[in-house]
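Below is one structure, written out as structure tokens; comments come after it.
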Amino acid sequence: MSDAIENFIGPATELPWLWAGLAAYALATFIAVVGVIRTQGRAVGAMAVSRSHEKLVLMIVATGVALIAIALAERWVRIGHGPFVNLFELLMSQLFSLGLVFTLVYWRMPVLRPSAVVALPLMGVLGGWVLALQPIDTPLPPTYHNDWLWAHVGLGKIFLALSLMGTGLAGVILLRHTQRFAAWFRQMPADEVLDGLAWRFMLLAFIFHSLMLTAGAVWAQDAWGRYWAWDALETSSFLNWLLLGASIHARLTYRIPIRVGAIAIIAVFIFAFITYFGTPFYSEAAHKGVI
Amino acid sequence: MILKIHALGSVRLALLGMVLLAIGAALSYNNPVSTPVWVLVVPLAFLAINLLAAIATNPRINRRGGLLVFHIGLLAIIVLAGIGRLTHLDAQLEITEGSAFSPQDLTEVNKGPFHFGALDQIAFVQGSYTVEYAAGMVRGLTHSQVLMPDERGRLVTKVVGDDRPLVLEGYRFYTTFNKGFAPVLTWLPDPAIAPGIALPSMHTEVRVPRAQDAQERPASVQSAAPGEAITGTVHMPSYPLFEYKQDSAWTPPGGKEIKLWLRLKTGLREDAPWVLDGKDASGVLVVNAGARRVELQPGETVQLEGGRLRFERLTSWMGYKVFYDPTLHWLFVSAMVAIIGLGTHFWSRFGVRLPHTPAPSTGAGLKAAPASEISGGRGL
Ligand code: HEM
């Protein structure tokens with residue numbers, strides 16, 4: 001590493017890996033958008049040929065995930081604890097887990113690949129945000145030496161990633177009805193199919209959200225001597241869980257229009273986004289009793 | 001009748017209940033004292049009745065095993081949480097090193113009307129403790145020793161702290177940031193005035209600033225017959241949070257108020273890692289009584305109005321949060337059973353099949369492939 005870079009990054013040796021990972025995500029987003037634009041209007045049969053860009057997207061995102069994994073490992077070794085405490089490391093680890101789940105789904109479910117043009121820019125928001133933060137080290141609070149923390153954090157990450165996949169599809173459902181983007185998603189199945197798929201992701205997300213709440217309650221009981229106390233994160237994530245549960249029921253009971261359902265999915269994702277990344281701003285510590 | 005129950009179990013009512021619960025949850029954020037518990041109890045009771053009616057009458061739930069298990073699990077959670085609030089106990093405890101737990105020492109006790117725990121069966125003695133601090137006074141791990149009798153009556157030592165509570169008779173004792181030092185004092189009343197004085201009860205109220213609020217807490221003073229010496233401790237404010245303020249006041253039986261100030265040497269460092277350990281700490285007790293100001297080393301005595309005060313030695317105290325809820329394990333089991341039920345429902349609906357083949361549409365909203373082929377249809 002040159003002296004200039006070394007001076008610039010200081011002790012935070014994970015930064016170059018993180019930047020490289022983010023660059024890969026950005027490149028993959030660009031190729032995904034170009035690919036969707038280029039395939040628009042093509043005959044359905046020509047799809048296999050014109051979708052070569054998807055392989056590229058898959059490879060580049062997978063590379064990005066690997067680079068961010070190295071960044072996480074580098075930081076872990078450097079500061080001696082996992083990415084569980086401050087916003088910089090929370091964003092970084094979300095970029096890893098969202099990228100990983102995205103890659104797996106993108107690989108295994110070709111049918112929804114064009115929705116990457118919605119999902120990847122959403123990850124880009126986190127990427128831009130992490131760049132604006134200092135890679136400072138916050139000591140691990142004493143109650144974070146607990147196995148349930150792993151379960152809680154891991155399950156929450158799966159929930160967010162599955163909601164992101166649902167949101168990608170919901171975004172397609174809404175976008176394809178606008179004049180500007182109508183042609184982009186011609187290759188994708190009909191709205192009814194996307195709707196079914198999106199809600200399948202959301203039901204799975206709901207299962208992981210329920211698991212996250214349970215693991216979190218067990219950890220809270222160990223850590224702070226109470227399983228539930230309506231702190232900022234607990235209140236916000238419970239409301240998020242209720243919103244998703246209510247949306248699932250409303251959809252089954254009222255047969256709400258597909259596009260309204262899509263808006264509900266996006267609302268759940270935005271709520272989750274605020275829960276995960278907004279609470280540090282309106283609460284002194286993420287969880288009450290952390291300090 | 002069945003029709004009525006069916007209506008009671010409608011999903012529309014469930015949605016209403018969820019909206020009410022969301023409002024209750026939002027109002028409960030940060031547990032404001034002005035919010036009554038009813039904002040949660042009413043929607044939860046409403047949802048429980050609604051759920052029970054739906055489970056009994058709605059074939060869309062009760063004919064589908066996984067979904068049925070999930071909703072029964074939700075109902076169990078609501079019921080158990082209610083039982084938990086009626087039987088729980090929450091309290092704070094400050095216990096001096098070397099002394100045995102007594103239920104009377106609990107403060108800020110908050111318990112449900114049906115709390116019937118075996119508090120008086122709990123036997124343990126507080127040992128010493130250490131607390132690690134990183135540079136910048138960031139608190140790390142707490143290791144608090146407690147001594148308990150084993151089955152054969154021998155004392156065994158256990159180390160608890162942070163997320164490893166001491167669990168006895170279902171009561172969970174969690175160490176807190178609230179801990180500090182205490183001078184062990186002996187009060188020897190002057191023989192001339194002692195016989196006529198009725199000594200106060202075991203616990204003499206002494207005003208001590210708390211870490212978080214300004215409530216009173218007791219200094220433990222061991223009982224004695226009139227005229228006899230009494231020995232006890234005065235808990236100084238939480239350390240190192242109130243490192244600058246290690247003072248308190250105590251009025252001995254038959255004497256006048258004595259102001260106590262502890263000048264501590266603990267090795268505290270702000271710029272480097274450090275361990276708070278009572279064994280490494282020493283202190284000088286500064287006694288202010290009326291116009292007199294005396295500094296006492298451990299073992300030294302001062303003659304004051306009404307008697308003599310001896311500073312025996314320095315000791316420490318640990319603050320615990322005490323929690324009891326007999327439903328904890330059942331809540332966990334219910335949540336897991338519910339989630340496994342929902343997982344089974346998901347699995348039986350969709351299995352592991354993933355749609356590999358793209359089913360393209362020829363235009364937005366036009367169905368090119370039957371939805372059911374890929375997604376299992378709208379009923380998803
Ligand atoms: C309290 C009263 C409740 C009632 C009466 C009720 C009723 C129902 C019914 C009838 C179904 C089947 C719908 C269908 O497949 O057509 C269902 C499904 C479901 N319910 Fe509830 N429910 C209640 C509470 C809840 C709550 C509080 C949650 C979580 C927030 C929840 C989560 C779910 C989920 C995830 C499904 C599965 C939907 C699917 O298969 O996609 N339920 N509920």
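Just so it is clear, the values below take in all heavy atoms, side chains as well, and ignore hydrogens, waters and symmetry mates. All values derive from a computational prediction rather than experimental measurement.
- For a residue to count as touching a neighbouring chain, one of its non-hydrogen atoms must lie under 4.5 Å from one of that chain's; by this rule A:Trp148 touches chain B with the side chain only.
- A:Glu234 has its side chain out of reach of B:Tyr29: every pair of non-hydrogen atoms, C-beta onward, lies at least 4.5 Å apart.
- With sequence neighbours left out, B:Arg172 forms a salt bridge (charged side-chain N to carboxylate O under 4.0 Å, His left out) with A:Asp222.
- Within the 4.5 angstrom heavy-atom criterion, only side-chain atoms of B:Leu15, from C-beta onward, approach chain A.
- Shown here for A:Leu239 and B:Ala22, the closest heavy-atom pair between the two residues is CD2-O, 3.4 Å.
- Scored by the salt bridge (charged side-chain N to carboxylate O under 4.0 Å, His left out) test, B:Arg269 finds B:Asp271 as partners (sequence neighbours excluded).
- For a residue to count as touching a neighbouring chain, one of its non-hydrogen atoms must lie under 4.5 Å from one of that chain's; by this rule A:Trp241 touches chain B with the side chain only.
- Among B:Leu40, B:Val19, B:Thr142, the residue making the largest number of heavy-atom pairs under 4.5 Å with chain A is B:Leu40.
- Heavy atoms of A:Leu204 lying under 4.5 Å from chain B belong to its backbone as well as its side chain.
- The most heavy-atom pairs under 4.5 Å with chain A, out of B:Leu328, B:Val138, B:Val322, come from B:Leu328.
- The two residues A:Thr143 and B:Asp163 come nearest to each other via the heavy atoms O-OD2, 3.8 Å.
- Pairing each heavy atom of B:Arg139 with each of A:Pro142, the nearest pair is O-CD, 3.4 Å.
- Taking both residues in full, the closest heavy atoms of B:Phe323 and A:Arg226 are given as CE1-CA, 4.2 Å, listed atom of the first, atom of the second, then distance.
- Both the backbone and the side chain of A:Ser210 come within less than 4.5 Å of a heavy atom of chain B.
- In summary, the aromatic rings of A:Trp219 and B:Phe332 are positioned with their centroids too far apart to meet the 6.0 Å limit.
- Between B:Val11 and A:His249, the closest heavy-atom pair is CG1-CD2, 3.6 Å.
- With a 4.5 angstrom heavy-atom cutoff, A:Ile207 touches chain B via backbone and side-chain atoms both.
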